[in-house]
A.B. asks: 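Sharing a structure with you now.
In the text below, chain A, chain B and the rest are named by the order of the sequence lines, each starting its count at 1.
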Protein chains: 2
Amino acid sequence: MKCLIIAAGKGSRLWPKGESKPLVPILGVPLIERVIRSAMRAEIDDFCVVTGYKGDGVRHFLDGLARRCGIGITHVINDAWDQDNGLSVLKARQHLNGGPFLLLMGDHLFDPAILHALARKSLGEGEVTLAVDSDTVNPLIDMDDVTRVKSENGKVRDIGKGLRAFNGFDTGMFLCTPGLLEALERSTAKHGDSSLTGGVRCLAAEGKVNVFDIRGRFWLDVDDPKNLERAEGELLGQMRDKPNDGPVSRYINRPVSLRISRRLTRLPVTPDQISLVSFLCSLIAAGLFALGGYPALLAGGILAQFASILDGCDGEVARLKYCESDFGGWFDAVLDRYADAFLLFGLTWHLLEAGTTVLVIFTGFMAIIGSFMLSYTADKYDSLMRERIIAGGKAGLRMGRDVRVFLIFLGAATNLVLPVLALIAVVMNFETLRRIMVARDGQH
Amino acid sequence: MKCLIIAAGKGSRLWPKGESKPLVPILGVPLIERVIRSAMRAEIDDFCVVTGYKGDGVRHFLDGLARRCGIGITHVINDAWDQDNGLSVLKARQHLNGGPFLLLMGDHLFDPAILHALARKSLGEGEVTLAVDSDTVNPLIDMDDVTRVKSENGKVRDIGKGLRAFNGFDTGMFLCTPGLLEALERSTAKHGDSSLTGGVRCLAAEGKVNVFDIRGRFWLDVDDPKNLERAEGELLGQMRDKPNDGPVSRYINRPVSLRISRRLTRLPVTPDQISLVSFLCSLIAAGLFALGGYPALLAGGILAQFASILDGCDGEVARLKYCESDFGGWFDAVLDRYADAFLLFGLTWHLLEAGTTVLVIFTGFMAIIGSFMLSYTADKYDSLMRERIIAGGKAGLRMGRDVRVFLIFLGAATNLVLPVLALIAVVMNFETLRRIMVARDGQH
């Protein structure tokens, strides 16, 4: 299905962030790219974008994006960008081939699941379906600016910014028939109103605008710096619910790593580069451990914990900037295994400085092998746990790298290296043993 | 589709191996179970088995098998098991529901791919399709006993043991219409011949027996001890073409492990138990290394290499006895990682006995971590290599555990422990680095 995106307006309220609104970066990714990427997640790959104000730059950017993503983007130029936005829709008529189409605002972010469901709704002759948010206390909504909707029995009765009586908000996401174009023309002729809202109001009067309630799902109109901040906060917040996160990750590392990632998205660094920097920090931390003496030990511990936090940023930045890759995740995991081994070896070395004992060498070895085994068994265990959760059970806390490095940090900070090495050795190997048992019991 | 298996005969030529022919074990699995398991691999799950001589025991076994495998097995009893085998087919008439059915011999082993293709052939009214082996110099065929086939233009012209002019062999695998039953009755009435061959000959005279040539694919009539040996050799040989085998595995370990597996299949040991014994051998080998002194070192090296060979048997026995499991393969891999780490730690310890040096500890650590990383990156690398092979490229030799343990064995045998540890450290870590490069270049 064709997806029409209107992005011709001036967007002057966002000028503090950039003069061309569609290209204003939200966590490093231009607003219009976020809209298109979200639509792509909803399995849309054929776009028609109406540009106007500062359109050359936007069109150039979109051409590059189409190439990079392997999607189709047709340009429609609306030189009357300072007039009502319904004109942008009318100008695209020839590209819509007379069939149903999706209509999005170039400055509205949204959960792809909304569009995925909206695109699958069925429409009667000349009808339009509007995605409406019935959550009238949605904190992301700017009450002064939002377009209000009054609906009854699944039909829009009235729509407009100034509505006194309303029970929902226009999210700017439509599934349309060409009936919308005719309604826009009627609204222009009758009322001199060529705004999209005007056209929809005309159709609503005929009972031809259906409501698709998206209550509880994310959408946001990014039209001023305050909302841009909200959008960034919301997108960062979505990074929190990674199901594999262990307790240290969830409660200590993520809150910090997200702050760092917010800044990193604005820099031209790749996730792989972040993985490498985190790895180098771990190597230096291991070197500090091996140096001997409490100050170096403490510094190493802090650096190791920092590396562990930074280790969350590569994935966050990749997801926030749509550059996740299979290789990136794997590369990060491989570097993590080396980092873990070096950190534990550094701690062992620290103890050996004070005299070699059988106990130290064996404990260090068992800690290294236990840590490795825990990572080696993680994939299998995680997939078992996923099945269990799907079957309605509980997964319990996940013991992973976050816990391991945090223990290393605590051991270094408290100067209790041998006890912590022993604890890691025991916990990691027992957890591996437990996983073997769980996997054995869980086999079909 | 229903699959009829006739297994009523006395099979006296196999008596040295067991009095009930269907239950004679081939590498630990009863002949009739191998026939049924092969059919199951061809997606057949509805069986009708005709039993006769010593039928009680066979039926009891089949009931258990049906439960274990979740398949349907209907019994047909043929008390006239000492007469022509066509009677077994006629007795099953009421269970065949008048539709097409597959017909197999209870003592013929075969490649499931043959049956998979045969079951998908289309048949004309009253016709039969016979799987024929046109390879007249197939070394697995007992020329004195095989039923010969003379075919022309895809039709069987004549069939019988004594045929002088022939161009193929009856493999005992048929796709039938009920026309076969009528032909058997005609053959009995006209010629007093109620053998299956007699019935097929009648149909062939009417041009109603199609040839399905299976040249080059495995099938074998197990009717005497010599052919049973051949069957076992053939099944063991099929274990050789594991695509992931490294060079040491392929040329040194497999030939030995297959001989051990041949014996192990006859014992009531599970693959997991074999994995555990192999692991314990490695642990003892590591202990011998740590003991110090060349004799213990040599003994440890030999034991480690033996454990590596035994490590191939768990998978072989699992595949030969149809008890492969996801858990089993994973459990083996987890134990292997522990075994590798302990072996390398044992070697490091051996060197530490002669005095601790920075070099020894660091080399041992790098060997352990390198070995781990190689295993950790194996899945990713293997799947990349599979894609590459599918795309027409070459994979090159695979560097894996077989090479690692063989190097350990060589190091112990030659008393060159430090050089070998250093070699493992360098080779394994460089190979890991190379895999990272390959994976990076191979990303889509």
Side-chain angles (χ1 to χ4, degrees), chain A residues 272 275-276 286 290 324-342 344-346 348-349 352-353 355-358 360-362 364-366 368-381 383-384 429 432-433 435-444, chain B residues 272 275-276 286 290 324-342 344-346 348-349 352-353 355-358 360-362 364-366 368-381 383-384 429 432-433 435-444:
Chain A
D272 289 350
S275 304
L276 263 178
E324 297 133 299
S325 76
D326 222 29
F327 171 77
W330 179 77
F331 179 61
D332 181 34
V334 169
L335 289 184
D336 284 352
R337 298 298 80 73
Y338 269 113
D340 289 350
F342 275 100
L344 293 167
F345 186 65
T348 309
W349 199 268
L352 290 179
E353 297 284 305
T356 312
T357 70
V358 172
V360 165
I361 293 185
F362 190 72
F365 166 72
M366 288 305 290
I368 291 173
I369 183 180
S371 298
F372 246 125
M373 293 315 295
L374 210 65
S375 302
Y376 192 75
T377 56
D379 283 349
K380 180 84 177 178
Y381 183 73
S383 71
L384 266 171
N429 286 294
T432 302
L433 198 64
R435 288 179 178 183
I436 293 176
M437 301 298 183
V438 168
R440 198 189 51 179
D441 297 344
Q443 63 183 314
H444 310 286
Chain B
D272 289 350
S275 304
L276 263 179
E324 296 133 299
S325 76
D326 223 28
F327 171 77
W330 180 77
F331 179 62
D332 181 33
V334 170
L335 289 183
D336 284 352
R337 297 298 80 73
Y338 268 114
D340 289 351
F342 274 101
L344 293 167
F345 186 65
T348 309
W349 200 269
L352 291 178
E353 297 283 307
T356 312
T357 68
V358 172
V360 165
I361 293 184
F362 190 70
F365 166 72
M366 289 305 291
I368 291 173
I369 184 181
S371 299
F372 243 123
M373 293 314 296
L374 210 65
S375 302
Y376 192 74
T377 54
D379 283 350
K380 181 84 177 177
Y381 184 73
S383 71
L384 266 172
N429 285 296
T432 301
L433 198 65
R435 287 180 178 182
I436 293 176
M437 303 295 183
V438 168
R440 198 189 52 179
D441 297 344
Q443 63 183 315
H444 311 286

A.B. asks: In Å and rounded to the nearest 0.5 Å, what is the CD1 to CH2 distance from B:I361 to A:W349?
C.D. replies: 5.0 Å

A.B. asks: Determine the option with the most heavy-atom pairs under 4.5 angstrom with chain B, choosing from A:S375, A:A333, A:G328.
C.D. replies: A:A333

A.B. asks: Sort out for me which of B:T432, B:V334, B:D272, B:D326 touches chain A most, counting heavy-atom pairs under 4.5 Å.
C.D. replies: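 The residue among B:T432, B:V334, B:D272, B:D326 with the greatest pair count is B:V334.
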
A.B. asks: Aromatic rings B:F345 and A:F362: how do their planes relate, parallel, tilted or perpendicular, breaks at 30° and 60°?
C.D. replies: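 B:F345 and A:F362: tilted rings.
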
A.B. asks: Which atoms of B:N429 are under 4.5 Å from chain A, going by heavy atoms: the side chain, the backbone, both sets, or neither?
C.D. replies: both

A.B. asks: Measure distances from B:S325 to the heavy atoms of chain A and classify the residue's part below 4.5 Å as side chain, backbone, both or neither.
C.D. replies: side chain

A.B. asks: Starting at CD1 of A:I368, measure out to CZ of B:F365 and round the result to the nearest 0.5 Å.
C.D. replies: 5.0 Å

A.B. asks: Under a 4.5 Å cutoff for heavy-atom pairs, which residue among A:F331, A:F342, A:Y338 has the most contacts with chain B?
C.D. replies: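 With the most close heavy-atom pairs to chain B, the winner is A:Y338.
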
A.B. asks: Rounded at 0.5 Å granularity, tell me how far CH2 in A:W330 sits from CZ in B:R440.
C.D. replies: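 Separation between the atoms: 11.0 Å.
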
